Amino acid sequence: MTAPLAIAAQAGIVGGTDARAIIIGLLTGIAFGAILQRTGASSYHMIVNMLRLKDLTIMKLLFLGIAVGSVGMYVVNAVDTAHIGIAPVYLLGIAVGGLVFGVGWALAGYCPGTALVAMSEGKADAAITVLGGLAGAATLAVSWDYLKPVLVDPLNYGGKSLYDALGVNPLLVALVLAAALIAFVIYLDRIDSRPGRQAGKRLDPTARPEL
Amino acid sequence: MNGHLEDSSRQQQRWMSWVYGGILLGLLNTFAVATYGALGVSRNYAVVDGWLSGLLGLDFASTNSYMSGIPSAIDWLFMVNVGMVIGGFLATVIKGKLNVRSVPRLWVSRFGDSKPKRFAAAFAGGFLLLFGARLAGGCTSGLVLSGIAQLALAGFVFAVAIMASGIVTARLLYRRQSS
């Protein structure tokens, strides 16, 4: 609060540094962490079994969250101001980064956010994943000058959205995407409902909860 | 033998349904963008790295070109991550008890109960997660949950890449194991 102008001018600030932004951010995060914990999204077991295609619960959760969120955001955007910021698309860096991320996802059994939540539940391996994450982000920062000209600058189309590419109304695109995602989620749920699958269940319901 | 304990352990075995969870996640996703911005996590690992380098006297923030775009002030997005740690903790203790453990049971069934082995994989996994996320410009939160909801093409590319490599890696790690 001592130098608000200097802070506001700092690069990369998201959502502001004033007291209201701090409090709303904290409350938003508490809700986010509680939802992830209660749905099992911070469980190694649930994430790895999603990637093994044995239990698609987390995929259904994520896709439904995207579908509802997309329509919600573009309804807000249509009637009021939504703080939408389209991430830049650079095909090489995002594809390579995503492939590296996927290996880490399967090895750790957490993603960067669910590792924070799992750590807060008392899971020591998730705390180690967070430490590994700090090292990985620092390594990317020191390699940035070498990687950027090769993976980020070429094939970089800036902040392009699906509705820019299609040239149609964003809310219409959001509604169509949501319908497609919900249809896909229903299909995934039919797979999960086949006999012999253990979707949404813990590894051994009689044992102590320690996933 | 103890009714209260049995009840709390039975509750711990049940997750919230993905239907309710998904709708709540979508509403929160909307609330975030309606108030301040898109949900995200991976940037804050770089924020903490900047602080740690300051503590070590390296002054990463002014000497490194990548870190010059990373803020050092606590902003809305940083508080979202602080809240996630508090929210996860509260949800755990309200619904049951803390789950203090080092090695997940599914990992034990495939790789044994060695702590160093699991910690090495957890560290390497975290390293790759954040190296990849920072290279791509976001993670499962920023590029997938909120990125695809915002209809960013970057989110679709990232989602395909992480699912493809995550599925292949998990199936390789757990090959020859049916359960």
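For the numbers below, each heavy atom of this structure counts, side chains included, while hydrogens, waters and symmetry mates do not. All figures in this text were calculated on a predicted structure; none of them were measured in a lab.
Highest contact tally toward chain B, considering only Leu99(A), Val142(A), Val48(A), is held by Leu99(A) [criterion: heavy-atom pairs under 4.5 Å]. For the options Ala122(B), Ser102(B), Ala170(B), heavy-atom pairs under 4.5 Å to chain A are most numerous at Ala122(B). The greatest number of non-hydrogen atom pairs below 4.5 Å with chain B, out of Lys160(A), Lys60(A), Met59(A), is found for Lys60(A). Contact count versus chain B (heavy atoms, under 4.5 Å) is highest, among Ile23(A), Ile86(A), Ile47(A), Asn77(A), for Ile86(A). Contact tally against chain B (heavy-atom pairs below 4.5 Å) for Ile128(A), Leu162(A), Val68(A), Leu92(A): the top residue is Ile128(A). Chain A forms the most heavy-atom pairs under 4.5 Å with one residue out of Leu39(B), Leu153(B), Asn44(B), Thr169(B), and that residue is Leu153(B). When each of Gly98(A), Ala31(A), Ala178(A) is scored by its heavy-atom pairs under 4.5 Å with chain B, the top score falls to Gly98(A). Of the listed residues Leu77(B), Val157(B), Val160(B), Leu145(B), the one with more heavy-atom pairs under 4.5 angstrom with chain A than any other is Leu145(B). The choice from Ile86(B), Asn64(B), Val82(B), Val168(B) that makes the most heavy-atom pairs within less than 4.5 Å of chain A is Asn64(B). Across Val33(B), Ile167(B), Leu130(B), the residue that shares the most heavy-atom pairs under 4.5 angstrom with chain A is Val33(B). The candidate from Asp164(A), Asp145(A), Val75(A), Leu181(A) with the greatest count of non-hydrogen atom pairs under 4.5 Å with chain B is Asp145(A). Your options are Phe78(B), Phe119(B), Tyr66(B), and the one with the most heavy-atom pairs under 4.5 Å with chain A is Tyr66(B).
Taking every heavy atom of both residues into account, Met163(B) and Trp105(A) meet most closely at CE-CH2, 3.9 Å. Nearest heavy atom pair, residue Ala154(B) against residue Pro88(A), reads CB-O, 3.4 Å. The heavy-atom pair separating Phe101(A) from Cys139(B) by the smallest distance is CE1-CB, 3.7 Å. Taking all atoms of both residues into account, the shortest heavy-atom contact from Gly126(B) to Ala108(A) is N-CB, 4.2 Å. Nearest heavy-atom pair, Leu107(A) versus Arg118(B), reported as atom, atom and distance to 0.1 Å: O-NH1, 3.1 Å. Taking all atoms of both residues into account, the shortest heavy-atom contact from Pro71(B) to Ile13(A) is CB-CD1, 3.9 Å.
Proximity to chain A involves both the backbone and the side chain of Thr140(B), based on heavy atoms less than 4.5 angstrom apart. For a residue to count as touching a neighbouring chain, one of its non-hydrogen atoms must lie under 4.5 Å from one of that chain's; by this rule Tyr157(A) does not touch chain B. Heavy-atom distances place both the backbone and the side chain of Leu131(A) under 4.5 Å from chain B. For a residue to count as touching a neighbouring chain, one of its non-hydrogen atoms must lie under 4.5 Å from one of that chain's; by this rule Val71(A) does not touch chain B. In this structure, no portion of Leu172(B) lies under 4.5 Å from any heavy atom of chain A. Looking at Ser143(A), the atoms closer than 4.5 Å to chain B (heavy atoms on both sides) all sit in the side chain, from C-beta outward. With a threshold of 4.5 angstrom between heavy atoms, Val41(B) approaches chain A through side-chain atoms but not through N, CA, C or O. For Ala165(A), the part sitting under 4.5 Å from any heavy atom of chain B is the side chain, from C-beta outward, and nothing else. Ser68(B) touches chain A through its backbone: at least one of N, CA, C or O sits under 4.5 Å from a heavy atom, while the side chain does not. There is no contact between Tyr20(B) and chain A, counting heavy-atom distances below 4.5 Å. The parts of Ile148(B) that come within reach of chain A are both its backbone and its side chain, each placing non-hydrogen atoms under 4.5 angstrom from that chain. With a threshold of 4.5 angstrom between heavy atoms, Leu36(A) approaches chain B through side-chain atoms but not through N, CA, C or O. In this structure, the portions of Val144(B) lying under 4.5 Å from any heavy atom of chain A include both its backbone and its side chain. Contacts between Phe31(B) and chain A at a heavy-atom distance below 4.5 Å involve the side chain alone, from C-beta outward. Residue contact with chain A, scored on non-hydrogen atoms closer than 4.5 Å, involves the side chain of Phe156(B) exclusively.
Gln150(B) places a side-chain N or O within 3.5 Å of a backbone atom of Gly85(A) that can act as its donor or acceptor partner. Between the His83(A) side chain and the Thr35(B) main chain, a donor and an acceptor come within less than 3.5 Å of each other. For the pair Ser165(B) (side chain) and Val103(A) (backbone), a donor-acceptor distance under 3.5 Å is present. Within the 3.5 Å criterion, the main-chain N or O of Arg52(A) finds a donor-acceptor partner in the side chain of Arg171(B). A donor-acceptor pair is defined here as one N or O able to donate and one able to accept, closer than 3.5 Å; such a pair exists between the side chain of Tyr45(B) and the backbone of Pro112(A). For the pair Arg43(B) (side chain) and Gly12(A) (backbone), a donor-acceptor distance under 3.5 Å is present. Put simply, the side chain of Asp75(B) never gets that close to the backbone of Gly15(A): no donor and acceptor are under 3.5 Å apart.
Looking at Leu129(B) and Thr129(A), their side chains come closer than 4.5 Å, going by heavy atoms from C-beta outward. Trp15(B) has its side chain within reach of Met46(A): a pair of non-hydrogen atoms, C-beta onward, lies under 4.5 Å apart. Looking at heavy atoms from C-beta onward, Trp76(B) lies out of side-chain contact with Thr17(A) at the 4.5 angstrom threshold.
A donor-acceptor contact under 3.5 angstrom links the side chains of Arg20(A) and Tyr36(B), judged on distance only.
Atom CG in Leu24(B) sits 5.0 Å away from atom CD1 in Ile35(A) (nearest 0.5 Å). Separation of atoms CD1 (Ile66(A)) and CG (Asn29(B)) is listed at 8.0 Å; rounding is to 0.5 Å. The CH2 atom of Trp51(B) sits 11.0 Å away from the CG atom of Leu134(A) when rounded to the nearest 0.5 Å. Distance check, rounded to the nearest 0.5 Å: CH2 of Trp144(A) to CE of Met67(B) gives 12.5 Å. The distance from the NE2 atom of His45(A) to the CG atom of Leu106(B) is 6.5 Å, given to the nearest 0.5 Å. Atom CD1 of Ile94(A) sits about 6.0 Å away from atom CG of Leu143(B), to the nearest 0.5 Å.
Each of Thr39(A), Leu62(A), Asp189(A), Leu56(A) was evaluated against Trp18(B); a single residue qualifies, Asp189(A), per the side-chain contact (heavy atoms from CB on, under 4.5 Å) test.
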- Stepwise, does the side-chain contact (heavy atoms from CB on, under 4.5 Å) test hold for Phe32(A) with Asn81(B)? CA-CA 9 Å; Phe32(A) 195 15; Asn81(B) 286 197; over 6 Å; no
- [ ] Quick one: do Leu147(A) and Phe131(B) satisfy side-chain contact (heavy atoms from CB on, under 4.5 Å)? Show the steps, please.
- [x] CA-CA 12 Å; Leu147(A) 295 174; Phe131(B) 186 90; 3.7 Å; yes
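One finds no salt bridge joining Lys115(B) and Asp125(A) here, because no Lys/Arg side-chain nitrogen approaches an Asp/Glu carboxylate oxygen to under 4.0 Å.
Residue Tyr174(B) qualifies as enclosed at atom OH: its count of foreign heavy atoms under 6.0 Å is above 12.
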